[in-house]
Protein chains: 2
Amino acid sequence: MTNPSFSAVLRLLGANARLEERFSGGLGSLHGLALKEVLLLMHLAQAPRRRLSRIDLAKRLYVSPSTVTRMAAPLEKLKMVSREADPRDARLAYVVLTEAGLELVANAQASLEIMAADVFRDRWTQPEIATLADLLGRLTAGQPGDLG
Amino acid sequence: MTNPSFSAVLRLLGANARLEERFSGGLGSLHGLALKEVLLLMHLAQAPRRRLSRIDLAKRLYVSPSTVTRMAAPLEKLKMVSREADPRDARLAYVVLTEAGLELVANAQASLEIMAADVFRDRWTQPEIATLADLLGRLTAGQPGDLG
DNA sequence: CCGGTATACTTCCATATGCAAGTAATTAGG
DNA sequence: CCTAATTACTTGCATATGGAAGTATACCGG
């Protein structure tokens, strides 16, 4: 492949598939959560007052609003999040991280960080990892609520 | 985020979501194909005798064998691929790229390359793109049939 | 204040996907 | 050879997801 842009894109797609596969297994067995659920909780954990509207969550997770509705439902049954209306705007239904949810996401994030470190454990230097993170950050820049 | 490994992983997930969204629209309207279908055809195009077993395709695309079966069916109806049995091993059902499929994938790949270049058009230097491609390549290394 | 438009959310429907089970064919061991 | 295990593929089922349509609420121009 002689076209670096194209090569970068193709490899990014492949790397993503590998990482998702790798993380899904570990997370599910450790905390009973899917990767996307952990990301949802992480967004809540870093949001002001630990709450976000479903629309905001959808944008941050790159999914549709209907998916957020359906992802929040089981988390609400597990008491990891609660639902709260906005006093000013009755259309808004915030997803709010509970104390239990905060604990869970802290643990899940710790597991994720370990798994992330494992990805680079062999044959990567710290500067290389930092460079990769920096370059990838420029591909996601301009979005609100960047987690990393 | 102070952990570079974790940051890199999170950003990779986000960048992937953005790129898939971006490419799906353009490809679909231009060639009537989904991104994953183009990748399937690209793998065939670079394979010896332009054919791969469904199992091999599944590994290269990071999907299950059943998904390959179902992705191949519509492409076969469109005469972009054909099905051929292995003369030595009757279990193998190769997906073979037709001439029409070869033409289609060449065009679709050209579109993809343009879209990939667009991703980096602003604020990226050639060495930066090359570095990104190189680093991402190390995350996908060790897989057979790397496209990029 | 009123009607039209925009926004937030939910639900219905169609599609995509993985896994488990089933079928067919090959290989390995005795 | 024969049987058991393995491999390749397909299909049924359950789940996940996006988009369209529906509902409720808020905003805006007059």
Side-chain angles (χ1 to χ4, degrees), chain A residues 13 16-18 20-29 32-40 44 47 51-77 81-96 144, chain B residues 13 16-29 32-40 44 47 51-78 81-96 144:
Chain A
L13 297 175
N16 178 263
R18 283 189 123 180
E20 285 196 353
E21 187 177 74
R22 186 164 178 166
F23 288 165
S24 296
L27 265 184
S29 54
L33 293 175
L35 175 56
K36 292 200 164 181
E37 291 176 315
V38 176
L39 294 177
L40 186 155
L44 294 180
R51 73 193 55 208
L52 286 169
S53 74
R54 280 152 165 79
I55 292 289
D56 278 350
L57 268 174
K59 289 175 186 159
R60 284 164 169 74
L61 297 169
Y62 300 101
V63 298
S64 68
S66 36
T67 296
V68 173
T69 291
R70 285 177 294 223
M71 286 201 311
L75 292 172
E76 200 175 331
K77 281 203 175 166
V81 305
S82 64
R83 183 197 187 94
E84 279 188 41
D86 186 304
R88 310 288 185 86
D89 187 338
R91 291 172 304 181
L92 293 170
Y94 291 114
V95 183
V96 186
Chain B
L13 297 175
N16 178 262
R18 284 190 120 178
L19 290 187
E20 285 195 353
E21 187 177 75
R22 186 164 177 166
F23 288 167
S24 297
L27 265 184
S29 54
L33 292 175
L35 175 57
K36 293 200 163 180
E37 291 177 315
V38 176
L39 294 177
L40 186 155
L44 294 180
R51 73 193 56 207
L52 286 169
S53 73
R54 279 152 166 78
I55 292 290
D56 278 349
L57 268 174
K59 288 176 187 159
R60 284 164 170 73
L61 296 169
Y62 300 101
V63 298
S64 68
S66 37
T67 296
V68 173
T69 291
R70 286 177 291 223
M71 286 202 314
L75 292 172
E76 200 174 331
K77 280 203 175 166
L78 293 172
V81 304
S82 65
R83 184 197 186 93
E84 278 188 41
D86 186 305
R88 310 287 185 87
D89 188 337
R91 291 172 304 182
L92 272 60
Y94 291 114
V95 183
V96 186

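Treat the numbers as computed from the prediction; the structure is a model and nothing was measured.
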What is the separation between atom CG on B:D86 and atom P on C:dT26, rounded to the nearest whole Å? 9 Å
Mind checking the CG-CD spacing from A:L75 to A:E37? Nearest 0.5 Å is all I need. 5.0 Å
Gap between atoms CG and P, on B:L92 and C:dT27 respectively (whole Å): 10 Å
Atom-pair distance (CD on B:E37; P on C:dT15), nearest Å: 14 Å
5'-most contact on DNA chain D (nearest-nucleotide basis), B:Y94 vs A:R88, goes to B:Y94
Can you tell me if the side-chain N/O atoms of A:T69 get under 4.0 Å from OP1 or OP2 in C:dC9? no
When rounded to whole Å, the CZ to P distance for the pair A:R91 and C:dA8 reads 6 Å
First and last nucleotide of DNA chain D, 5' to 3', lying under 4.0 Å from heavy atoms of chain A: D:dT17 to D:dA26
When rounded to the nearest 0.5 angstrom, what distance separates CG in B:L40 from CG in B:L57? 4.5 Å
Taking only side-chain N and O atoms of A:R54, does any of them lie within less than 4.0 angstrom of OP1 or OP2 on C:dT7? no
Check side chain to side chain contact (heavy atoms under 4.5 Å, CB included) between A:S53 and all other residues, then give those that pass, not counting sequence neighbours. A:I55, A:D56, A:L92, A:Y94
Value for CE (A:M71) from NZ (A:K36), rounded to nearest 0.5 Å, stands at 7.5 Å
Contacts under 3.5 Å, N or O only, protein and nucleotides 17-19 of chain C:
residue, atom, partner, partner atom, Å
C:dG18, OP2, B:S64, N, 3.1
C:dG18, OP2, B:S64, OG, 2.6
C:dG18, OP2, B:T67, OG1, 2.1
C:dG18, N7, B:R70, NH2, 3.0
C:dG18, O6, B:R70, NH1, 3.2
C:dG18, O6, B:R70, NH2, 3.4
C:dC19, N4, B:S66, OG, 3.0

What distance do B:L19 atom CG and A:Y62 atom OH have between them, rounded to the nearest 0.5 Å? 9.5 Å
Apply the test side chain to side chain contact (heavy atoms under 4.5 Å, CB included) to residues B:N16 and A:L13: give CA-CA distance (whole Å), side-chain angles for both, the deciding distance (0.1 Å), then the verdict. CA-CA 6 Å; B:N16 178 262; A:L13 297 175; 3.3 Å; yes
Atom CG of A:L52 and atom NZ of A:K59: how far apart are they, to the nearest 0.5 Å? 11.0 Å
Starting at CZ of B:R54, measure out to OG1 of B:T67 and round the result to the nearest 0.5 Å. 12.5 Å
